[in-house]
*Asks:* 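My questions will all concern the structure given below.
The shown structure was predicted, so the numbers you read here are calculated from the model rather than taken from an experiment. Nothing fancy with the numbering, it's 1 onward along the sequence.
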Amino acid sequence: MSRGLYVLNGPNLNRLGLREPDIYGHTTLAQIEAMCREAVGDAPLEFRQTNAEYQLIDWIHEACDRADALVINPAGLSFRSIPVLDALKMFSGPLIELHISNIHARDEIYRTSLVSPVATAVICGLGARGYDHAVRAALDLVTDRAV
């Protein structure tokens, strides 16, 4: 991986560990970042979180220019943000959509992600451990493309 991996997190994920632990668990975003950094080893990693839609879009644009792979947990923006979807359509590398909870087992409003149709893969329902699987899969997908 020459350009690296971006892991982008959307609204309210800065409150992990405190927010609805029965749904999202007790793991903090800082702990998830440490898990991701350990999983990717020496591969370059940008790990970011924002509560602002425009910031997430700017980071997706940056990833389009600088990343080999993108893991994104758009959180609530998954279900309503056409601008996030449009930005993700521009990303040409492996794109993994990630959700901590199983969105398909939640209230109807959370069951249809706008992001899923443009994602290479979707991981949901594995809790914080989903991030570990997502970054490893992203690295594998980049390696597979290089062969």
*Asks:* Looking at S78 and A75, would you say the former's side chain and the latter's main chain have a donor-acceptor pair under 3.5 Å?
*Replies:* yes
*Asks:* Does V115 share a hydrophobic cluster with L13, counting links as ILVMFWY side-chain heavy atoms below 4.5 Å and allowing steps through other members?
*Replies:*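 Each belongs to a different hydrophobic cluster.
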*Asks:* A side-chain contact here means heavy atoms from C-beta on lying under 4.5 Å apart; do I100 and L16 qualify?
*Replies:* yes
*Asks:* Side chains of L88 and L70, heavy atoms from C-beta outward: is any pair under 4.5 Å?
*Replies:*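 In short, these two side chains touch, coming nearer than 4.5 Å.
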*Asks:* Quick one: are I82 and L114 in side-chain contact, heavy atoms under 4.5 Å?
*Replies:*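 Yes, side chains in contact.
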*Asks:* Is it true that R136 and D132 make a salt bridge, defined as a side-chain N closer than 4.0 Å to a carboxylate O?
*Replies:* yes
*Asks:* Do you know which two heavy atoms are closest between A39 and L139, and how far apart they sit?
*Replies:*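 Closest heavy-atom pair between A39 and L139: O-CD1, 4.4 Å.
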*Asks:* In the single-linkage hydrophobic clustering (I, L, V, M, F, W, Y; side-chain heavy atoms under 4.5 Å), do L85 and F79 co-cluster?
*Replies:* no
*Asks:* Can you measure from CD1 (I96) to OG1 (T120) and round to the nearest 0.5 angstrom?
*Replies:*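 The OG1 atom of T120 is 7.0 Å from CD1 of I96, to the nearest 0.5 Å.
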*Asks:* Counting only N and O atoms by type, is there a donor-acceptor contact under 3.5 Å from the side chain of R111 to the main-chain atoms of R106?
*Replies:*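 Yes: the side chain of R111 pairs with the backbone of R106.
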*Asks:* Where do G10 and N51 come nearest, in terms of heavy atoms and distance?
*Replies:*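 Result for this residue pair: O-OD1, 4.4 Å.
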*Asks:* Membership question, hydrophobic clusters at under 4.5 Å side-chain separation (ILVMFWY): are L98 and L29 in the same one?
*Replies:*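 Yes; L98 is reachable from L29 via cluster members.
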*Asks:* How far apart are the C-alpha atoms of D58 and T50, what are their side-chain angles, what is the distance that settles it, and do they pass the side-chain contact (heavy atoms from CB on, under 4.5 Å) test?
*Replies:* CA-CA 11 Å; D58 284 347; T50 185; over 6 Å; no
*Asks:* With clusters defined by side-chain heavy atoms of hydrophobic residues (ILVMFWY) lying less than 4.5 Å apart, directly or transitively, does I72 cluster with F47?
*Replies:* no
*Asks:* Not counting sequence neighbours, list each pair that qualifies as a salt bridge (Lys or Arg N to Asp or Glu O under 4.0 Å) and has a residue in residues 91-101.
*Replies:*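 Listed once each, the pairs would be none.
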*Asks:* Are side-chain heavy atoms of V7 and I32 found at a separation under 4.5 Å?
*Replies:* no
*Asks:* Using modelled atom types and a 3.5 Å cut-off, is there a donor and acceptor pairing between side-chain atoms of N102 and backbone atoms of C124?
*Replies:* no
*Asks:* Can you list the residues that meet the side-chain contact (heavy atoms from CB on, under 4.5 Å) rule with R48, with sequence neighbours excluded?
*Replies:*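 Y6, L8, E46, W59, E62.
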*Asks:* Tell me whether the count of non-hydrogen atoms from other residues, nucleotides or ligands lying under 6.0 Å of CZ in R129 goes above 12.
*Replies:*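 No, not enclosed.
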*Asks:* For residues P11 and L77, report the shortest heavy-atom separation together with the two atoms involved.
*Replies:*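 Scanning both residues, the minimum pair turns out to be CD-CD1, 3.7 Å.
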*Asks:* Would you say that L56 contacts I60 through its side chain, given a criterion of any heavy-atom pair below 4.5 Å between the two side chains?
*Replies:* yes
*Asks:* Starting from L141, can I reach V135 by hopping between I/L/V/M/F/W/Y residues whose side chains sit under 4.5 Å apart?
*Replies:* yes
*Asks:* Return the NE2 to NE2 distance between H99 and H104, rounded to the nearest 0.5 Å.
*Replies:* 7.5 Å
*Asks:* Any side-chain heavy atom of I103 sitting closer than 4.5 Å to one from S101?
*Replies:* yes
*Asks:* Side-chain contact, heavy-atom cut-off 4.5 Å: L45 with C36?
*Replies:*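 In short, these two side chains touch, coming nearer than 4.5 Å.
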*Asks:* Could you give the distance from NE2 (H133) to CE (M35), rounded to the nearest 0.5 Å?
*Replies:*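 Here the rounded value is 9.5 Å.
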*Asks:* Distance-only, no hydrogens or angles: does the R3 side chain make a donor-acceptor pair with backbone N or O of D65 under 3.5 Å?
*Replies:* yes
*Asks:* Check the surroundings of atom CZ in R19: do more than 12 heavy atoms from other residues, nucleotides or ligands lie under 6.0 Å from it?
*Replies:* yes
*Asks:* Do Y131 and I123 make a side-chain contact, defined as non-hydrogen atoms from C-beta onward lying under 4.5 Å apart?
*Replies:*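 They are not in contact (no side-chain heavy atoms under 4.5 Å apart), so the answer is no.
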